[in-house]
2 protein chains.
Amino acid sequence: MQVLHKEDFIQNISYDSVIFGFNGKQLKILVLEYHNTGLFALPGGFVRKDESLDEAVKKGVKERTGLDHIYLEQFQTFGNLTRSDPSVMKRILEENNLDLDVHDWLLDRFISISYYALINYDKVTPVPDALSDSISWYAIDELPALMMDHNQIVNRALQVLRNNLEKKLVGMNLLPSKFTMKQLQKVYEVVLGEELRRTTFQRRILGMNMLERHEKLFQGTAHKAPYLYSFKLEQD
Amino acid sequence: MQVLHKEDFIQNISYDSVIFGFNGKQLKILVLEYHNTGLFALPGGFVRKDESLDEAVKKGVKERTGLDHIYLEQFQTFGNLTRSDPSVMKRILEENNLDLDVHDWLLDRFISISYYALINYDKVTPVPDALSDSISWYAIDELPALMMDHNQIVNRALQVLRNNLEKKLVGMNLLPSKFTMKQLQKVYEVVLGEELRRTTFQRRILGMNMLERHEKLFQGTAHKAPYLYSFKLEQD
DNA sequence: TATTATTGTCTCAATTTGTGACAATAATAT
DNA sequence: ATATTATTGTCACAAATTGAGACAATAATA
């Protein structure tokens, strides 16, 4: 088990990440389960004294997903005194046979900077961190109880994601590079949590002039084949 | 001169605040000037180990403005390695005759959580902090060069403020409790940085059903007197 | 060759927004 | 008293956007 040396990290600072993926039907996020504790948590970590905040988070998300060049956005910093719970942290350290003296700094109070990531579900190979049994996808509306304020962090991430749906091209990061109009509509629907009207959606999206049309996709289904689209790199 | 004892504060963490006020014509922010250095900066501070992040910021903004119960919103955390500049910080400490040994932790790298505040310009009595000569209002488009990345922080605050203009009732916090439609329109115009059409604006705002109409305001001017409005506390 | 489900597009209605017009009015000038 | 002036509140109509349904095109299957 690797040791987290106090002198390498900024004290009282951590980050948490809400990593969104889309399996074609549901919006999901990655959740860790700690060894022998029944405790669920968001992937997170600490910031080294000699690295920038963004670097630290990018590195951490890459370790959990295997993916580089990910869409990452910082959305809120949580700094309550009550959010940290030393007894929970102590239990996690004990169950992992970590030296409590060396890691006492982890029992302290933490201010956590939260990020969300959007990733292509099919390209991810989730890897648990050193303290965890597993890392798995959970549908956003079927989450287990998470430790500390992590459920609150997820809710906030969702709010911000909804808000950014139009201007930040959320779909671009959750879909493969070529996709049908129906797939894109489904992304909008699961993020917004409501159904959208097909014709209006199609007209609106095409009207934005952000999509490029490609060849048709023959799915082997008994109906008209849809076009494939990709996002234009240059907006005109 | 008061001493900032290292053991009282979380290390490597600071906050900065962009305090917006509206004088009826321009959007302004409060800027500090440090003793004998020609250095300008945003009001900021540090977080004590036994206080929440929000408390720390609230307290700091109150000290600079004299105002309690202020509209405060966190908008971004800045964590680059390059944003901190020990040589600048050293100069400020020296010019204030502060013991460099006791305050060496201030020369370290800082991650800063940024907030913006909206306040009623006429009710503020700006008070410089211990290290500063002055604290003054500067129009948002006539800012001096600020130290470190503070100009960048202001720009980001403005972006977020524009984004929140509709949903967060920005006007409510920048205006007195009763105001004319023209005053409200002016707030929208200076925040957005563009002129708005009077009739469309009035119809849109009234259509939101968020304003209450009161008596007319007789200004002693040679034309029809406008109504006064206030924001409804309860949205229907 | 008919059937089926889905897609792309069109049309018309409903709603929202842009733009100008106009009467009402609070002080001032005549 | 009366006309003048600048601004306000509201209306009317045009333009643009969105809602809702209709319909032909079509890729596989019966």
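Nothing here was measured: the structure is a model prediction, and the numbers come from that model. In what follows, chains are A, B, ... by sequence order, proteins preceding strands, each numbered from 1.
One atom, CG of A:L206, and another, C1' of C:dT9, lie 10 Å apart when rounded to the nearest Å. One can place CZ of A:R204 at 14 Å from P of D:dA20, the figure rounded to the nearest angstrom. With rounding to whole Å, A:R213 atom CZ is found 13 Å from C:dT7 atom P. B:L217 places its CG atom 10 Å from the P atom of D:dT8, with the value rounded to the nearest Å. Summarising the geometry, the separation between NZ on B:K182 and P on D:dA6 is reported as 13 Å, rounded to the nearest angstrom. Rounding to whole angstrom units, CG of residue B:L228 and P of D:dT7 are separated by 18 Å. If you measure from atom CE of A:M208 to atom C1' of D:dA16, you get 16 Å, rounded to the nearest angstrom. Put simply, CZ on B:F179 is 15 Å from P on D:dT8, counting in whole angstrom units.
Residue pairs satisfying the salt bridge (Lys or Arg N to Asp or Glu O under 4.0 Å) criterion with at least one member in residues 175-184 of chain A, sequence neighbours excluded, are listed as follows: A:K178-A:E215. Applying the ring pair (Phe, Tyr, Trp, His ring centres under 6.0 Å) rule to pairs touching residues 178-203 of chain B yields B:F179-B:F231, B:Y188-B:F201, sequence neighbours excluded. Applying the salt bridge (Lys or Arg N to Asp or Glu O under 4.0 Å) test to pairs two or more places apart or on separate chains, none has a residue in residues 122-132 of chain B. Applying the side-chain hydrogen bond (donor to acceptor under 3.5 Å, both in side chains) test to pairs two or more places apart or on separate chains, those with a residue in residues 194-207 of chain A are A:E166-A:R204.
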- prompt: What one-letter contact string describes nucleotides 24-30 of chain C from 5' to 3', where B marks a base within less than 4.0 Å of any protein heavy atom, S marks contact via sugar-phosphate atoms alone, and - marks no contact?
  reply: BBBB---

- request: At under 4.0 Å between heavy atoms, which parts of nucleotides 11-16 of chain C does protein reach? Answer with one letter per nucleotide, 5' to 3': B base, S sugar-phosphate only, - none.
  value: B-----

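Remark: B:Y15 pairs with no residue by the side chain to side chain donor-acceptor pair (under 3.5 Å) rule, at least two apart or across chains.
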Donor-acceptor pairs under 3.5 angstrom involving side-chain atoms of residues 71-78 of chain A: please list them, not counting sequence neighbours.
unit_1	atom_1	unit_2	atom_2	d
A:Y71	OH	A:E73	OE1	2.7
A:E73	OE1	A:K168	NZ	3.2
A:E73	OE2	A:N164	ND2	2.9
A:E73	OE2	A:K168	NZ	2.9
A:Q74	OE1	A:Y115	OH	3.4
A:Q76	OE1	A:R156	NE	2.5
A:T77	OG1	B:T77	OG1	2.5

Which atom pairs, donor and acceptor, lie under 3.5 Å between side-chain atoms of residues 59-67 of chain B and protein residues at least two apart or in another chain?
unit_1	atom_1	unit_2	atom_2	d
B:K59	NZ	B:E51	OE1	3.2
B:K62	NZ	B:D68	OD2	3.0
B:R64	NH1	B:V127	O	2.9
B:T65	OG1	B:V61	O	2.8
B:T65	OG1	B:L67	N	3.1

Show me the donor-acceptor pairs, under 3.5 Å and distance only, between side chains in residues 141-149 of chain B and residues at least two apart or in other chains.
unit_1	atom_1	unit_2	atom_2	d
B:D149	OD1	B:R83	NH2	3.1
B:D149	OD2	B:R83	NE	2.7

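Near-neighbour residues of DNA chain D inside residues 185-201 of chain B, defined by a heavy atom below 4.0 Å, number-ordered: B:R198, B:T199.
Looking at A:S132 and A:H35, their side chains never bring a donor and an acceptor atom within 3.5 Å of each other. Side chains of A:S52 and B:N80: a donor-acceptor N/O pair is absent below 3.5 angstrom, by distance only.
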query: So what does the secondary structure string of DNA chain D come out as, 5' to 3', with Watson-Crick or wobble pairs under 3.5 angstrom, [ ] for crossing and | for pairs with another strand?
result: ||||||||||||||||||||||||||||||

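Between B:G171 and B:V187, the shortest heavy-atom distance links the atoms CA-CG1, 4.2 Å. B:L131 approaches B:Y34 most closely through the heavy-atom pair O-CD2, 3.4 Å.
The structure places CH2 of A:W137 at 9.0 Å from CG of A:L27, a figure rounded to the nearest 0.5 Å.
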